[in-house]
Amino acid sequence: MLLTTKFLRPASDRRAVRRERLSLLLTPGQPKRLNLVIAPAGFGKTTLVSQWCAVTTGPIAWLSLDEHDDEPRRFWQYVVSAFEHAGLTGLEDCHKCLAGNTDDNLSSAITVLINTLSSDGGLWNLVLDDFQFIASDEIQRQFGYFVDYLPASVTVTLASRSEPPLPLARWRVRRWVQEIHPTLLAFSEDECHEFFHNTMGLAISEQEIQAICQRTEGWVAAMQLAALSGNNSGLVQHPRTTRSDAPQAALSIDERHISDYVLSEVLDKQPEAIVAFLLDTACCPRLCASMCNSLRNSDDGQKKLETLLSQNLFLIPLDNHNEWFRYHDLFRDALLQRIRHTYPERAHRLWHRAVEWLLDHGQVQEAIAQIVQKEDWPWLANVLATHGNNLIHGGYHLPVLNWLESLPPKHIEENAQLQMLRVWSRFFANRFDHLEPLLANVEHLLDRRVADSAPDAEGALGLQSEISLIRSYLARSRSDDKSASNLTLQVLADIDHTRIPLKSVTYYGLGLDDYGKGDLTGAEEALKSAIHYGQVERKPSTVLSSGGLLAWIQYNRGDMDLALDTCTEVRRWVDQHYADPTQPRLISCWLSAALTEIHRERNQPRDAAAHLAPLLEHVNQGTEPGQHVIIQHVWGHLAFSDGQFAQAIEALEDAEHVGRKRREHIVFEPPASTAFKARCFLATGQIALARRSLDSLDKKTVTNPLNREQNSISYARLLVAEGTPERALDILDVLMSETEQNEHNRHLVEALLVRGDALALQGRHDECAEQLERAVNVAAEAGFMRLFAEESSRLQALLLELPALQSEGRWQRSLKYMLQSQENPGATGKEETKPATISKEQDLAEPLSQRELEVLERINAGDANKDIAVHMGVAPATVKAHIRNLYGKLGVGRRTEALARARELGLLTQ
């Protein structure tokens with residue numbers, strides 16, 4: 001049974017201010033597909049959308065969501081029924097699919113809905129109100145697919161209190177999204193004028209309207225409170241009957257005026273029981289029945305809250321099932337003023353109970369904010385000692401550091417645990433200066449405990465392990481790999497004897513060590529352990545960092561499909577367990593950088609830029625030096641691939657400068673930005689500058705094999721450019737064995753290409769072709785592509801002549817077209833230069849992997865699943881998994897549909 005009232009659009013008040021400037025933004029138009037109205041409660045989201053619906057053309061399917069709709073089948077049943085309620089026919093097959101019990105049935109239902117809308121051809125509008133209730137990753141993925149494939153005649157409008165985790169970055173690049181945020185929803189001066197004069201019937205001067213607009217920043221709720229105060233103070237004069245020379249009534253926005261009004265005109269007119277409830281609960285920044293009952297030792301909290309709500313006593317619901325509420329800020333301030341003045345001891349006792357309730361129910365940050373506001377320093381010290389470690393490893397190291405710094409020194413000087421929290425906070429904030437003295441002080445306090453014969457043996461061992469772990473990371477920043485490894489292994493040996501969860505951070509350190517040594521296999525194993533223990537210990541920042549570095553390693557090994565899976569799984573876990581809308585979304589530099597590199601290498605520059613964009617924002621806002629170097633290096637590589645050599649050089653020089661100047665603050669060896677900068681100089685014909693850059697390298701400081709290999713490749717390129725290919729071949733002969741032994745496949749492909757270039761310069765064309773053929777074969781398996789387009793025009797011409805590129809494989813066809821585009825004047829090989837049969841693939845929500853394309857080719861050849869498994873050398877279950885992923889990305893449910901869709905996208909030639 002579906003609740004049909006959820007399909008009814010709220011009727012708009014005819015007196016309400018008409019928001020024409022915003023309604024125009026919501027108007028359907030190409031290429032827009034999505035209206036996104038995001039703001040907290042009380043900003044007029046629903047009112048705005050309802051007003052727009054009243055004047056827009058085309059049928060409107062309206063759906064008001066609630067927390068019960070966060071289940072895939074129920075959600076899509078309501079969406080389909082909303083369209084049906086609005087007049088869309090032909091949805092019988094859709095309902096049949098929804099009656100099934102598998103994910104394939106849901107995918108089929110969504111596909112049928114899209115096809116029905118396409119066949120109908122009408123200018124449909126779908127409005128989903130309160131979309132913040134939809135938190136399911138599965139629904140978000142399905143809804144992203146739904147929007148990706150909607151016909152152009154359909155526009156979706158979402159009203160939500162928080163930004164949904166949809167692929168908005170990609171949609172923004174495609175200009176599909178129109179966003180309306182609180183800054184746009186705020187009333188303009190003209191709208192303030194209309195609100196006070198027409199809606200509220202108050203005759204006040206333009207100067208006062210302007211002052212109120214500035215004071216409230218256009219927030220309609222605050223203006224309404226001021227207007228209600230004016231209405232009850234005898235200030236009402238209808239503007240239509242007011243002469244221009246008549247005296248204007250005055251309206252004050254002073255909080256004292258509002259407070260007096262609340263106390264005299266609202267509070268004092270309420271029954272005694274209601275007044276008592278309001279005063280007792282005023283200490284709560286937000287409240288629910290359980291909290292109210294705990295404060296007042298009663299069981300009528302829910303009933304009282306519903307009474308306040310029914311009487312419009314400035315109680316604002318925070319959800320759709322009347323569980324959480326808050327008082328309007330100005331109303332709450334007035335209540336607090338009354339109880340603190342009349343019953344000061346009771347006010348303090350109630351506040352203390354409220355904070356205890358918050359702590360007992362996991363609302364730690366909100367509780368701490370209340371404690372800090374009251375400056376109850378002993379209590380703050382106890383709370384931080386209990387909860388600080390979890391907060392820091394949950395990504396809240398900066399707030400913890402601020403709270404610790406707000407404590408008077410006497411509360412920290414003799415507390416080793418709080419001092420260790422300060423060390424961790426500074427460490428995660430990359431403030432390495434003076435960490436060693438702080439660690440020494442913690443050790444001194446622990447030694448004094450032992451001397452006083454009152455040690456907490458287990459607690460002391462845990463703190464000693466934390467000290468060793470911090471020192472291992474400091475040793476990495478000094479490139480003291482031996483000390484870092486010894487300290488980490490020591491922590492790992494002691495860790496099972498402590499209560500402090502440190503395994504995830506320890507294994508991340510081991511992963512960094514192995515990565516620095518070039519042992520990518522060892523690094524992968526350590527980082528997988530770090531992810532596992534990070535999930536067990538609930539440390540999202542460690543999970544993200546470990547997963548990001550793991551994906552970065554997998555990318556360099558040529559396992560790009562696996563790297564994408566790692567990024568997806570890690571991000572999904574973090575978003576599922578740490579989706580606090582009041583905090584910024586956690587972002588991993590390693591993870592986003594890996595995604596940028598993968599999409600850049602796959603010749604998908606728009607997707608690469610979308611993943612890079614939030615990282616560049618961090619650079620502009622001032623990020624940590626290690627992250628700064630990685631971000632600028634990746635930005636330089638993307639700019640180089642795009643032919644923007646000046647920007648690439650600028651970014652790489654910045655990465656080089658920060659990596660050198662702040663080396664002691666970076667716990668890994670920065671990437672080879674100097675070597676890549678030299679390549680940029682070579683691409684612009686500045687051979688002397690390339691030589692100068694490479695000669696400036698201090699090779700003794702380079703220990704990471706990936707960096708050594710990159711330096712050698714760049715030096716070999718320089719020698720080829722200088723006309724000494726024999727010396728380049730000497731370097732490459734040594735390099736080839738290293739890359740093969742270390743399984744650094746990206747560098748192997750690059751080395752083969754440079755070696756082919758050197759052989760061509762010597763006239764050894766058969767040997768050159770052999771090297772290029774091998775490079776193509778290795779790259780095809782991994783999916784590398786941009787590597788080839790970034791080579792010299794001479795080498796690209798030789799690649800186009802290879803027999804390997806004359807085959808009908810999809811990857812080979814794409815590479816061949818990209819290289820041919822490079823030959824055309826002004827062509828850069830970007831997505832925009834592809835013909836329609838190839839560029840249509842960009843319409844996919846997620847591109848097909850190399851393995852999925854191979855499966856698609858075998859399906860096209862008519863092979864059964866078991867035959868495909870034999871041909872590919874994998875298990876039949878693996879083939880089924882590839883087919884399932886293939887169907888999901890193409891939005892189909894069977895083989896014939898997959899083949900038809902693939903031909904439409906240009907993925908198959910026959």
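All of these numbers come straight from a predicted model, not from anything done at the bench. What's counted below: heavy atoms across the whole structure, side chains too, no hydrogens, waters or symmetry copies.
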Mind checking the OH-CG spacing from Tyr473 to Leu512? Nearest 0.5 Å is all I need.
6.0 Å
Walk me through whether His744 and Leu706 qualify under side chain to side chain contact (heavy atoms under 4.5 Å, CB included).
CA-CA 8 Å; His744 298 170; Leu706 285 171; 3.4 Å; yes
Separation of Leu591 CG from Cys567 SG (nearest 0.5 Å)
4.0 Å
Heavy-atom check, side chain of Phe788 versus side chain of Val749, under 4.5 Å
yes
Taking Glu537 for its side chain and Lys539 for its backbone only, find out whether a donor-acceptor pair lies under 3.5 Å.
no
Could you report the tightest heavy-atom contact between Leu615 and Ser592, atom names first, then the distance?
CD1-CB, 3.5 Å
What's the spacing between Leu158 CG and Leu166 CG if we round to 0.5 Å?
7.0 Å
Parallel, tilted or perpendicular: which one describes the rings of His637 and His633, with boundaries at 30° and 60°?
perpendicular
Are any of the side-chain nitrogens in Glu569 or Arg572 under 4.0 Å away from the carboxylate oxygens of its partner?
no
If the threshold is 4.0 Å, N to carboxylate O, is there a salt bridge linking Glu601 and Arg746?
no
Working note: Val776 + Glu773, criterion side chain to side chain contact (heavy atoms under 4.5 Å, CB included); need CA distance, chi angles, decisive distance, verdict.
CA-CA 5 Å; Val776 168; Glu773 285 273 359; 5.5 Å; no
Please tell me if the side chains of Leu520 and Glu743 come closer than 4.5 Å, counting only heavy atoms from C-beta onward.
no
Report yes or no: does Gln604 contribute a side-chain atom to a donor-acceptor pair with the main-chain N or O of Asp607 at less than 3.5 Å?
no
CD1/Ile631 to CG/Leu612 distance, rounded to the nearest 0.5 angstrom?
8.0 Å
Can a side-chain donor-acceptor contact be found between Glu790 and Ser641 if the only test is distance below 3.5 angstrom?
yes
So which atom in Ser814 and which in Met785 form the shortest heavy-atom distance, rounded to 0.1 Å?
CB-CE, 3.8 Å
Can you check whether Tyr555's main-chain N or O pairs, donor with acceptor, with Asp559's side chain at less than 3.5 Å?
no
How are the rings of Tyr145 and Tyr149 set relative to one another: parallel (under 30°), tilted (30 to 60°) or perpendicular (over 60°)?
tilted
Heavy-atom closest pair (Pro705 atom, Lys517 atom, distance to 0.1 Å) is CG-O, 3.2 Å
Within this structure, what is the CD-OG1 distance for the pair Glu750 and Thr739, rounded to the nearest 0.5 Å?
10.5 Å
Answer yes or no: is there a side-chain heavy-atom contact under 4.5 Å between Arg606 and Arg170?
no
Is the distance from the ring center of Phe131 to that of Phe143 below 6.0 Å?
yes
Could you verify whether a donor N or O on one side chain and an acceptor N or O on the other, from Gln554 and Thr566, lie under 3.5 Å apart?
yes
Applying side chain to side chain contact (heavy atoms under 4.5 Å, CB included), name anything that partners Thr488, two or more places apart in sequence or on another chain.
Ser472, Arg476, Thr506, Leu510, Asp513
Do Arg602 and Arg786 touch side chain to side chain, with heavy atoms closer than 4.5 Å?
no
Using every non-hydrogen atom in the two residues, find where Pro671 and Val629 come nearest and quote the distance to one decimal.
CD-CG1, 3.7 Å
Treating Asp69 as the side-chain partner and Phe75 as the backbone partner, does any N or O pair qualify as donor plus acceptor under 3.5 Å?
no
Find the distance between CG (Asp514) and OG1 (Thr521) and round it off to the nearest 0.5 Å.
9.5 Å
Between Glu669 (side chain only) and Asn704 (backbone N and O only), is there a donor and an acceptor less than 3.5 Å apart?
yes
Below 30° counts as parallel, above 60° as perpendicular, anything between as tilted: where do the rings of Phe146 and Trp76 land?
perpendicular
Across all chains, not counting sequence neighbours, the salt bridge (Lys or Arg N to Asp or Glu O under 4.0 Å) partners of Lys528 are none
Does the pair Phe784 and Met560 meet the rule for a side chain to side chain contact (heavy atoms under 4.5 Å, CB included), with working shown?
CA-CA 9 Å; Phe784 293 123; Met560 287 200 285; 3.9 Å; yes
Would you check if there is a donor-acceptor pair between the side chains of Asn745 and Arg557 at a distance under 3.5 Å?
no
Min side-chain heavy-atom separation Trp552-Glu597 under 4.5 Å:
yes
State whether the side chain of Arg33 and the backbone N or O of Val156 hold a donor-acceptor pair below 3.5 Å, judged by distance alone.
no
Is any side-chain heavy atom of Trp176 less than 4.5 Å from a side-chain heavy atom of Leu34?
no
Let me see the working for His747 and Glu738 under side chain to side chain contact (heavy atoms under 4.5 Å, CB included), right down to the final yes or no.
CA-CA 10 Å; His747 283 168; Glu738 291 182 2; over 6 Å; no
Exercise: identify the closest heavy-atom pair between Glu138 and Pro72
OE1-CG, 3.6 Å
Using only atom types and a distance under 3.5 Å, with no angle test, would you say the side chain of Ser160 pairs donor to acceptor with the backbone of Gln132?
yes
Grab the two heavy atoms, one from Ala782 and one from Gly558, that are nearest each other, plus how far apart they are.
CB-O, 3.1 Å
Do Leu819 and Leu805 touch side chain to side chain, with heavy atoms closer than 4.5 Å?
yes
Quick one: does Asp642's side chain have a donor or acceptor within less than 3.5 Å of a partner on Pro605's backbone?
no
Is there side-chain contact between Leu527 and Glu524, with heavy atoms separated by less than 4.5 Å?
no
